[in-house]
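Read the numbers this way: they start at 1 and go in the same order the structure lists the ligands and their atoms. Note that the numbering runs from 1 along the sequence shown for the chain.
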Amino acid sequence: MSRFLDERLASLTPYVPGEQPRDMRYVKLNTNESPFPPSPRVAEALSKERINRLNLYPDPEALGLRCALAEHYGLRESRIIMGNGSDELLAFCFMAFCGQGRGVAYPAVSYGFYPVYARLCCLNALEIPLRDNFTVCPSDYFWLGRTIVIANPNAPTGIALPRVQLESIAAANPDNVVIVDEAYVDFGAESALPLIEKYENLVVIQTFSKSRNLAGMRLGFAAANEALIGDLNTIKSSFNPYNLSRLACLAGEAAVRDRLYFAECTGRIMRTREELSKALRALGFTVLPSSANFVFAAPPRMSGGEYYLALKARGVLVRYFDKSGLRDFVRITVGDDAQMRVLLDKTAEILEEPK
Ligand SMILES: *Cc1c(COP(=O)(O)O)cnc(C)c1O
C-alpha cells in the first residue's frame with residue numbers, strides 16, 4: 001500500500017475472483033461460466049467492417065441492444081440501462097441508493113461482491129443470516145429501513161425464491177429500493193421483471209455472463225421504472241458514459257435475438273444439473289436444490305476443503321469458500337457432459353481412496 005491511499009480505503013478487501021491458474025489445463029468448474037460458445041450469430045455480427053469502425057465511440061445509450069432486450073422481455077426500452085457486466089450496475093446501485101445513513105442489507109451468505117461494494121462506498125451494511133436449510137427467509141427483510149440486495153437464485157447455494165416472495169419484500173419496503181440480482185434466473189427460477197411495473201422501488205439486474213455465454217464480453221442490464229433508471233443513468237454518465245464498447249453492443253444484440261440457441265443452451269445446462277445432482281447424491285453427497293448453473297454440494301466423510309484439494313490435484317477446479325457454515329461444501333459449475341464425466345470419475349476415485 002502506498003502512503004497516498006485514502007485511509008478510508010486502507011482496509012478494503014477486494015473481491016477474489018475464482019482462480020485462473022496457468023500451471024496446467026484444468027477442467028474449469030469454478031467460475032460459473034457457460035461451457036458453450038456464444039450464439040454463432042455473435043461471430044457473424046463482429047464483422048471486419050464493424051471492427052473497422054472502432055475509430056468511432058459507441059452509442060452511449062446502447063439503443064439497439066436495449067430495444068432487443070425490450071422486445072425480448074416485453075418491456076419499454078426506457079426502463080432498461082446497460083452495464084459493463086452486471087457488476088457495474090450493482091456498483092451504480094450501491095452508489096445511488098444506499099448512502100446518507102440509509103445503509104444496505106443483504107444475506108450473510110450471498111455474492112461476494114456485495115460486502116466489497118459496501119466497503120468501497122463506505123456504507124453501513126447489515127448481513128442477515130440464512131435460515132438453517134440455507135434459505136433466504138423473506139420476512140427477515142420486511143420493514144428494514146435499508147436498501148436491500150438479494151441474489152435470486154442465491155449464490156453459492158443455488159436456491160431460488162418464488163416471485164411472490166420477492167414481491168412481498170418489495171411491498172414491505174415501499175420507502176427503500178429492493179435490488180434483485182438475477183444472474184442465474186434463466187436456469188429455472190422465476191424472474192421479478194414483470195413486477196417492475198407495479199413496484200416503483202424495484203430494480204432487477206441480469207447478466208449476459210452465464211445464460212448467454214458471454215462472460216468475456218462484459219454485459220449486463222438493469223430494469224426498473226423510468227425514475228430509478230434515470231438515477232442510474234446519472235451515475236453512469238458521471239462515471240463512464242461509453243461503458244459498452246461497439247463490439248459488446250453488437251454481440252449482445254445478436255445473442256438476445258437468437259432465442260432458439262439461448263433456450264437450447266439453458267435447457268442443456270438444466271438437464272445436466274439434474275443428472276449431476278442425482279449422481280452426486282448416489283455417491284453420498286448432500287446437494288442443495290439448485291435453480292442455477294452450479295450445484296452446492298457436500299461430500300461424504302470429508303470436508304469441502306479436502307475434496308476441493310483432491311479434485312485440484314486431479315486437474316478439476318471447483319470453488320471452495322473458507323467461511324463459517326460453508327466449509328462442508330464446494331460449488332461446482334455445471335459444464336458439458338464430458339466435463340461432468342471427468343468430475344464424477346475423479347470424485348469416485350477420491351471417495352475410494354483409503355484415508
Ligand atoms: C456472475 C454474477 C454476477 C456478475 O456478473 P457480470 O459478469 O459482472 O455480469 C452478478 N451477480 C451474481 C450473483 C453473479 O454470480
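From the protein, the heavy atom lying nearest to atom 13 (C) of ligand 1 is D181 OD2, 3.4 Å. Closest to atom 5 (O) of ligand 1, if we only count protein heavy atoms, is S86 OG, 3.3 Å. Ranking the protein heavy atoms by distance from atom 7 (O) of ligand 1 puts S209 OG, 2.6 Å first. Of all protein heavy atoms, the one closest to atom 8 (O) of ligand 1 is R218 NH2, 2.8 Å.
In this comparison of E88, K210, E182, the heavy atom closest to atom 14 (C) of ligand 1 sits on K210.
Taking 4.0 Å as the cut-off between side-chain N and carboxylate O, R314 and E353 count as a salt-bridged pair.
Considering backbone and side-chain atoms together, T207 places an N or O closer than 3.5 Å to an N or O of ligand 1. The distance criterion of under 3.5 Å between nitrogen or oxygen atoms is not met by Y111 with respect to ligand 1.
Linking Ile, Leu, Val, Met, Phe, Trp and Tyr residues whenever their side-chain heavy atoms come within less than 4.5 Å places L250 and M217 in a single cluster.
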request  = Could you check D87 against Y111 for side chain to side chain donor-acceptor pair (under 3.5 Å), going step by step and ending with a plain yes or no?
outcome  = CA-CA 11 Å; D87 287 338; Y111 187 37; 2.8 Å; yes

ask   = Which is it for T147 and N176 under the side chain to side chain donor-acceptor pair (under 3.5 Å) test, yes or no, and what are the steps along the way?
value = CA-CA 5 Å; T147 300; N176 288 286; 4.6 Å; no

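Of all the heavy atoms of Y184, the ones lying under 4.0 Å from any atom of ligand 1 belong exclusively to the side chain.
For ligand 1 and G85, the ligand atoms under 4.0 Å from any heavy atom of the residue are 8 (O), 9 (O).
Side chains of T207 and K210: a donor-acceptor N/O pair is absent below 3.5 angstrom, by distance only.
Membership of an apolar cluster is not assigned to V164, as no side-chain contact below 4.5 Å to another ILVMFWY residue is traced.
Annotation for S78 and I229: closest pair O-CG2, 3.8 Å, computed over non-hydrogen atoms.
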